[in-house]
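Report on one structure; see the data block that follows.
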There are 2 protein chains.
Amino acid sequence: MTQETKEAVEKILIDYLEKNKHRKTSERFAILNEIYSYDGHFDIEGLYVMMKNMKYRVSRATLYNNIELLLDAGLVIKHQFGKNLAQFEKAYKFKQHDHLICNDCEKVFEFCDPRIMQIQKMAEDMLNFDVSHHSLNFFAKCRVLKENGICEHKKNIEKTV
Amino acid sequence: MTQETKEAVEKILIDYLEKNKHRKTSERFAILNEIYSYDGHFDIEGLYVMMKNMKYRVSRATLYNNIELLLDAGLVIKHQFGKNLAQFEKAYKFKQHDHLICNDCEKVFEFCDPRIMQIQKMAEDMLNFDVSHHSLNFFAKCRVLKENGICEHKKNIEKTV
DNA sequence: GTAATTGCAAATGTTTTGCATACTG
DNA sequence: CAGTATGCAAAACATTTGCAATTAC
């Protein structure tokens with residue numbers, strides 16, 4: 001993360017905390033910092049391990065509490081890729097994108113399509129709501145299968161998830 | 001559910017079971033029947049209670065096992081509306097639709113937009129996958145608030161969820 | 001008959017809660 | 001110094017698993 005980004009997201013957090021009369025605790029800034037230093041999707045347990053490895057003394061409860069706050073501040077977005085495990089991703093300055101999940105290897109791919117915004121506008125006007133965020137997931141089968149009928153990505157042990 | 005629908009979905013299930021060499025147990029037909037007799041979204045616990053109330057002797061494990069099978073057969077679709085609770089819905093002959101979830105009262109609204117299919121096609125071709133199903137959720141704030149700042153639907157105790 | 005499927009109960013994994021302690025404003 | 005936020009442990013909750021009994025084929 002660039003110094004510029006670091007300052008920008010911290011400013012957003014500070015403004016949010018002040019506006020909502022929450023305290024500026026060191027944990028909040030540490031969590032924000034860890035999240036923005038990481039690329040890709042993460043879950044709370046992963047973030048907990050990451051922070052433990054980085055010397056921090058944090059509890060899972062604090063992570064659960066503060067991820068909610070960061071979501072509300074628009075600094076983080078939440079995903080659910082079909083499993084009962086919430087996944088998160090930093091949100092500031094990252095291009096809106098959606099996901100396609102392989103039915104076979106569960107790897108997650110990203111794509112962009114501006115038409116989603118048109119659909120959003122239609123839904124907003126039709127139902128009289130202002131959308132704060134959306135989640136579009138395609139669950140799909142890979143067209144390229146290996147001899148054993150397994151998708152071509154399955155060789156990769158680690159998942160994008 | 002009409003007799004016609006009942007027969008149609010049972011045929012789909014029978015074909016699926018035969019094709020995949022699974023047994024035609026009475027539980028499987030009972031579950032299918034209950035699901036198709038119910039309108040709206042349900043979770044496993046709700047289905048369990050529904051079936052218990054209807055004299056059936058079923059276990060949660062069987063419901064979890066068979067909902068997976070019905071999903072695979074395309075007879076049921078699965079949703080996750082931001083919570084760690086899987087919700088389901090019958091799928092046969094029901095028009096494709098997507099959801100908007102109120103941030104405030106958590107009520108779920110439905111809408112249709114054919115443009116989602118164009119996005120799907122784009123994603124399929126770009127990533128070389130065949131989409132089996134999708135999930136599009138908008139999380140949104142109601143434009144019409146009551147004096148207390150609470151959304152206009154909050155009065156309704158029961159949720160569409 | 002035999003192997004898949006079931007019900008039940010225990011186990012798992014994620015998230016929430018209760019409470020005493022620490023720290024912000 | 002008042003009350004919010006924290007860490008830790010226990011509780012809650014949805015889902016999965018193990019296993020003996022049942023049932024489809």
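Protein chains get the first letters and strands the later ones, always in sequence-line order, with residue 1 at the start of each.
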Check each residue of [range] for a non-hydrogen atom within less than 4.0 Å of any atom in DNA chain C, then write out the ones that pass by number, or none.
| range | result |
| --- | --- |
| residues 63-78 of chain A | A:Y64 |
| residues 43-56 of chain B | none |
| residues 132-140 of chain B | none |

Partners meeting side chain to side chain donor-acceptor pair (under 3.5 Å) with [X] (sequence neighbours left out):
| X | answer |
| --- | --- |
| B:N137 | none |
| A:T62 | A:S59 |
| A:D113 | A:R115 |
| B:K121 | B:D125 |

In whole angstrom, give the distance that lies between atom [atom1] of [X] and atom [atom2] of [N].
| X | N | atom1 | atom2 | result |
| --- | --- | --- | --- | --- |
| A:Q80 | D:dT15 | CD | C1' | 14 Å |
| A:F42 | C:dT14 | CZ | C1' | 16 Å |
| B:F88 | D:dA14 | CZ | C1' | 11 Å |
| B:Q87 | D:dT15 | CD | C1' | 15 Å |
| B:E18 | D:dA24 | CD | C1' | 13 Å |

For the pair B:F138 and B:F111, evaluate ring-ring contact (aromatic ring centres under 6.0 Å, His included) and give the outcome as yes or no after the intermediate values. CA-CA 10 Å; B:F138 288 118; B:F111 65 89; 5.7 Å; yes

If you pin B:H22 and A:A61 to their nearest nucleotides in DNA chain D, which one's is more 5'? A:A61

[Y] backbone acceptor or donor facing [X] side chain under 3.5 Å:
| X | Y | answer |
| --- | --- | --- |
| A:R28 | A:L70 | no |
| B:Y38 | B:N33 | no |
| A:S132 | B:F139 | yes |
| A:K141 | A:C102 | no |
| B:D43 | B:A86 | no |

Set out, in order, the CA-CA distance, both residues' side-chain angles and the distance that settles side-chain contact (heavy atoms from CB on, under 4.5 Å) for B:L136 and A:I119, then state yes or no. CA-CA 10 Å; B:L136 169 61; A:I119 299 179; 4.2 Å; yes

Given D:dT17, D:dC8, D:dT15, which nucleotide is nearest the side-chain atoms of B:L85? D:dT15

Closest of D:dT6, D:dC8, D:dA14 to the A:R28 side chain is D:dT6

ring-ring contact (aromatic ring centres under 6.0 Å, His included) between A:F81 and A:H99, worked out: CA-CA 9 Å; A:F81 297 130; A:H99 299 94; 5.0 Å; yes

Please determine if a side-chain N or O atom of [X] lies less than 4.0 Å away from the OP1 or OP2 oxygen of [N].
| X | N | answer |
| --- | --- | --- |
| B:S59 | C:dT6 | no |
| A:R60 | C:dT15 | no |
| B:N84 | C:dT15 | yes |

With axes from five pairs an end, tell me the bend angle of the helix from C:dG1-D:dC25 to C:dG25-D:dC1, nearest 10°. 40°

Show every salt bridge (charged side-chain N to carboxylate O under 4.0 Å, His left out) that has at least one partner inside [range], sequence neighbours left out.
| range | answer |
| --- | --- |
| residues 84-100 of chain A | A:D39-A:K90 |
| residues 58-75 of chain B | B:E45-B:R60 |
| residues 127-140 of chain B | A:R143-B:D130 |

Going by the angle between their ring planes, with limits at 30° and 60°, are B:H97 and B:H79 parallel, tilted or perpendicular? tilted

Contact list (N/O, under 3.5 angstrom) for nucleotides 19-24 of chain C vs protein:
{"unit_1": "C:dT24", "atom_1": "O2", "unit_2": "A:R23", "atom_2": "NE", "d": "3.4"}
{"unit_1": "C:dT24", "atom_1": "O2", "unit_2": "A:R23", "atom_2": "NH1", "d": "3.0"}
{"unit_1": "C:dT24", "atom_1": "O2", "unit_2": "A:R23", "atom_2": "NH2", "d": "3.0"}

